[in-house]
J.: 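Below is one structure. I have some questions about it.
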Amino acid sequence: MSGKLMKVFITRRIPQEGMKILSAAGVCEVSQWDSDEPVPRAELLKGIQGAHGLLCLLSDKIDAEVLEAAGPNLKVISTLSVGFDHLAIDEIKKRGIRVGYTPDVLTDATAELTVALLLATARRLPEGVEEVKNGGWSSWKPLWLCGYGLSGSTVGIIGLGRIGMAIAQRLMPFGVKRLLYSGRTAKPHAAEVNGEFVPLDTLVSESDFIVVSCSLTPETQGMCDKSFFSKMKPTAVFINTSRGAVVNQEHLYEALSSGQIAAAGLDVTTPEPLPTNHRLLTLKNCVVLPHIGSATYSTRGVMSALAARNLLGGLQGTDMPSELTL
Ligand code: NDP
Ligand code: DGY
């Protein structure tokens, strides 16, 4: 009987919701990198041999070498993420492999974390917590630990997609005066938040808060560079919860350390993890989180279930609940 089961390789321990769905389906034989840490490349290349399905994470680079190692059985790649910049889409497409991903189910959690990061950065929460602990809190002082507030501000969102829109909806009730956004095309849904579609340069120079929530593409890679930061207001706060590679981190360091911009909050970096001796971590006006945008228990459970259902759809040649159009 087990000879008839399709082979699946899973590159990490994933929440039980997904594992239960796979085992209940009874159509696949699962082998797994049974760890909370990333699968070493050599183990990935070994584990995927002959697989019909792959369930991977954003930290696994799925390129031609991996696809070659898999061989001709591979029908489906299901990633436990909405971002798919780690997948070599052209190589996957030319082999006729289907791709599943996890849009929508993590939108609320990621938008919520983005707002938390923006407020923590703009109102200097990590610095304040540190001062309480290290004795730096001597008294109430009129200008000590002052930051920037959202009320009456202009917010610029780069990439008003699912998450960008959810961020805008959460920020507007703080009294934001203008909501600017940029991207490739104007979005009809922007009307719900009075969003103004503007060229990137306008967004950068007029915003008090800039939030990056676009996907990582060849066009957005390195988009936030020296020239970008030089156009920002010196009082403006920069937030990135998309992908680290959208930002030139050396240029960001210069902008933050020279006072060209006020502060930055990053949930994503290059590389991940960011080495503990990285220059950005020496700056008080830079708040760095370890890529936790979607990290709520329920969201990760739902992502796991969706990734499993996508995988099964691809294995069985039926509909996948969230198939990426290649
Ligand atoms: P969507 O596809 O809904 O949105 C992506 C947006 O990126 C679109 O609005 C698109 O705009 C925009 N975009 C593409 N190219 C450009 C460009 N050149 N300039 C400006 N905007 C551009 O995806 P989601 O909102 O669901 O997710 C967005 C990204 O967030 C993911 O790709 C992922 O990298 C990241 N993410 C991070 C998480 C975290 O934990 N920090 C959690 C989840 C996602 P247009 O349509 O006009 O091209
Ligand atoms: C994604 O899904 O792309 C995130 O980065 C992690 O949830």
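Atom set for the values below is all heavy atoms of this structure, side chains included, hydrogens, waters and symmetry mates excluded. Atoms within each ligand, like the ligands themselves, are counted from 1 in listed order.
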J.: Mind checking whether Val176 and Val115 sit in one hydrophobic cluster, side chains of I, L, V, M, F, W, Y counted as touching below 4.5 Å?
T.: yes

J.: Examine the proximity of ligand 2 to Leu106 and report which part, side chain or backbone, both or neither, has a heavy atom under 4.0 Å away.
T.: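 Side chain only.
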
J.: What protein heavy atom is closest to atom 15 (N) of ligand 1, reported as residue, atom name and distance in Å?
T.: Arg184 NE, 3.6 Å

J.: Any nitrogen or oxygen of Ser215, main chain or side chain, under 3.5 Å from a nitrogen or oxygen of ligand 1?
T.: yes

J.: Are Leu274 and Leu113 in one and the same hydrophobic cluster, where Ile, Leu, Val, Met, Phe, Trp and Tyr link if side-chain heavy atoms are under 4.5 Å apart?
T.: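 Shared cluster, no.
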
J.: Which atoms of ligand 2 sit under 4.0 Å from any heavy atom of Leu58?
T.: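 Once the distances to Leu58 are compared, the set is 4 (C), 5 (O), 6 (C).
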
J.: Can you give me the closest heavy-atom contact between Leu160 and His189, atom names plus distance?
T.: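 Nearest heavy atoms, Leu160 then His189: O-NE2, 3.0 Å.
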
J.: Thr241: heavy atom below 4.0 Å from ligand 1, yes or no?
T.: yes

J.: Do Ile163 and ligand 1 have an N or O pair less than 3.5 Å apart?
T.: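 By distance alone, the answer is yes.
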
J.: Considering only non-hydrogen protein atoms, determine which one is nearest to atom 20 (C) of ligand 1 and report residue, atom name and distance to 0.1 Å.
T.: Gly183 CA, 3.4 Å

J.: Compare every heavy atom of Arg309 with every heavy atom of Pro321, then report the nearest pair and how far apart it is.
T.: CG-CB, 3.7 Å

J.: Below 4.0 Å, non-hydrogen atoms only: which portion of Arg162 touches ligand 1? Side chain, backbone, both or neither.
T.: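 Both the backbone and the side chain of Arg162 come within reach of ligand 1.
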
J.: Which protein heavy atom lies closest to atom 4 (O) of ligand 1, and at what distance to 0.1 Å?
T.: Gly161 CA, 3.4 Å

J.: Can a non-hydrogen atom of Pro103 be found less than 4.0 Å from any atom of ligand 1?
T.: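 Contact check Pro103 vs ligand 1: negative.
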
J.: Side chain to side chain contact (heavy atoms under 4.5 Å, CB included) between Leu324 and Ile89: does it pass, once the steps are laid out?
T.: CA-CA 10 Å; Leu324 185 67; Ile89 294 298; 4.0 Å; yes

J.: Have a look at Ile292, Val82, Leu58, Val246 and point out the one with the heavy atom closest to atom 31 (C) of ligand 1.
T.: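 It is Val82 that holds the nearest heavy atom.
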
J.: Does Trp137, at its CH2 atom, have more than 12 non-hydrogen atoms belonging to other residues, nucleotides or ligands within less than 6.0 Å?
T.: no

J.: State whether the shortest distance between N or O atoms of Val82 and N or O atoms of ligand 2 falls below 3.5 angstrom.
T.: yes

J.: Does ligand 1 come near enough to Met223 that some N or O of the ligand is less than 3.5 Å from an N or O of the residue?
T.: no

J.: Do any N/O atoms on Ser81 end up under 3.5 angstrom from N/O atoms on ligand 2?
T.: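 Between Ser81 and ligand 2, no N or O pair is found under 3.5 Å apart.
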
J.: Report the nearest protein non-hydrogen atom to atom 28 (C) of ligand 1: residue, atom name, distance rounded to 0.1 Å.
T.: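 Sorting protein heavy atoms by distance from atom 28 (C) of ligand 1 puts Ser213 O, 3.6 Å first.
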
J.: Report yes or no: do Leu106 and Ile292 belong to one cluster of Ile/Leu/Val/Met/Phe/Trp/Tyr joined by side chain heavy-atom distances under 4.5 Å?
T.: yes

J.: Under 4.5 Å between side-chain heavy atoms, hopping through other hydrophobics if needed: is there a path connecting Leu125 to Leu289?
T.: no

J.: Which ligand 2 atoms does His291 reach within 4.0 Å, using its non-hydrogen atoms?
T.: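 Counting from 1, the qualifying ligand atoms are 4 (C), 5 (O), 6 (C).
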
J.: Students should be able to answer this: which protein heavy-atom is nearest to atom 11 (O) of ligand 1, and at what distance?
T.: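 Ranking protein heavy atoms by distance from atom 11 (O) of ligand 1, first comes Lys187 NZ, 3.9 Å.
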
J.: Pairing donors with acceptors under 3.5 angstrom, does anything connect the side chains of Arg279 and Ser257?
T.: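 Short answer, no.
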
J.: Hey, what's the ring geometry for Tyr181 with Phe197, parallel, tilted or perpendicular (30° and 60° as the breaks)?
T.: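 Rings of Tyr181 and Phe197: tilted, 30 to 60°.
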
J.: Taking only heavy atoms of Met303, which atoms of ligand 2 are found under 4.0 Å from at least one of them?
T.: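 Ligand 2 atoms under the 4.0 Å threshold to Met303: 7 (O).
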
J.: Would you tell me which option among Gln221, Arg243, Met303 has the nearest heavy-atom contact to atom 34 (O) of ligand 1?
T.: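 Comparing heavy atoms across Gln221, Arg243, Met303, the nearest one to atom 34 (O) of ligand 1 lies in Arg243.
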
J.: Please tell me whether Ser215 and Thr217 have a donor and an acceptor in their side chains that are separated by less than 3.5 angstrom.
T.: no

J.: Hey, which atoms in ligand 1 end up nearer than 4.0 Å to a heavy atom of Ile158?
T.: 20 (C)

J.: Under a 4.0 Å heavy-atom limit, does Leu200 contact ligand 1 with its side chain, its backbone, both, or neither?
T.: neither

J.: Can you pull out the closest protein heavy atom to atom 7 (O) of ligand 2? Residue, atom name and distance to 0.1 Å, please.
T.: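 Protein heavy atom with the smallest distance to atom 7 (O) of ligand 2: Ser294 OG, 2.7 Å.
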
J.: Any nitrogen or oxygen of Asp267, main chain or side chain, under 3.5 Å from a nitrogen or oxygen of ligand 1?
T.: yes

J.: Nearest protein heavy-atom contact for atom 29 (C) of ligand 1: which residue, which atom, what distance?
T.: Cys214 O, 3.7 Å

J.: Could you check Leu58, Asp60, Ile62 and say which one makes a side-chain contact (heavy atoms from CB on, under 4.5 Å) with Leu87?
T.: Ile62

J.: At their closest point, which heavy atom of Thr11 faces which heavy atom of Cys56, and how far apart are they?
T.: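 Here Thr11 and Cys56 meet closest at OG1-CA, 3.4 Å.
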
J.: Write out the residue and atom name of the closest protein heavy atom to atom 16 (C) of ligand 1, then the distance separating them to 0.1 Å.
T.: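 Its nearest protein heavy-atom neighbour is Thr220 CG2, 3.6 Å.
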
J.: Among Val212, Val246, Ile158, which residue satisfies the side-chain contact (heavy atoms from CB on, under 4.5 Å) criterion with Thr220?
T.: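 Of the listed options, the one satisfying the test is Val246.
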
J.: For Arg243 and ligand 2, does the shortest N/O to N/O distance drop below 3.5 Å?
T.: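 For ligand 2, there is an N or O atom that lies under 3.5 Å from one belonging to Arg243.
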
J.: Select one of side chain, backbone, both or neither to describe which atoms of Leu80 lie under 4.0 Å from any atom of ligand 2, heavy atoms only.
T.: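 Leu80 to ligand 2: no contact under 4.0 Å from either part.
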
J.: With heavy atoms of Ser294 as the reference, note each atom of ligand 1 found under 4.0 Å away.
T.: 40 (O)

J.: Find all atoms of ligand 1 within a distance of less than 4.0 Å from any non-hydrogen atom belonging to His291, and give their numbers and elements.
T.: 39 (C), 40 (O), 41 (N)

J.: Decide yes or no for Leu45 and Val66: does some side-chain heavy atom of the first lie under 4.5 Å from some side-chain heavy atom of the second?
T.: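 Leu45 reaches Val66 side chain to side chain.
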
J.: Please test Glu130 against Lys284 for side chain to side chain contact (heavy atoms under 4.5 Å, CB included), starting from the C-alpha separation and ending with a verdict.
T.: CA-CA 10 Å; Glu130 187 54 33; Lys284 287 191 171 176; over 6 Å; no

J.: Identify the closest protein heavy atom to atom 18 (N) of ligand 1: which residue and atom is it, and at what distance?
T.: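 Protein heavy atom at minimum distance: Glu219 OE2, 3.2 Å.
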
J.: Please determine whether a side-chain nitrogen of the Lys or Arg among Glu206 and Arg178 lies less than 4.0 Å from a carboxylate oxygen of the Asp or Glu.
T.: yes

J.: If two hydrophobic side chains count as joined below 4.5 Å and joins carry through other members, does Met172 share a cluster with Leu119?
T.: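 Linked, Met172 and Leu119 end up in one cluster.
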
J.: Leu160 heavy atoms, cut-off 4.0 Å: which ligand 1 atoms fall inside?
T.: 9 (O)

J.: Is it the case that ligand 2 has an N or O less than 3.5 angstrom from some N or O of Thr102?
T.: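 Checking ligand 2 against Thr102, no N or O pair falls under 3.5 Å apart.
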
J.: Walk me through it: do Thr241 and Val268 pass the test side chain to side chain contact (heavy atoms under 4.5 Å, CB included)?
T.: CA-CA 6 Å; Thr241 52; Val268 284; 5.5 Å; no

J.: Going by heavy atoms, is Met165 under 4.0 Å from ligand 1?
T.: no

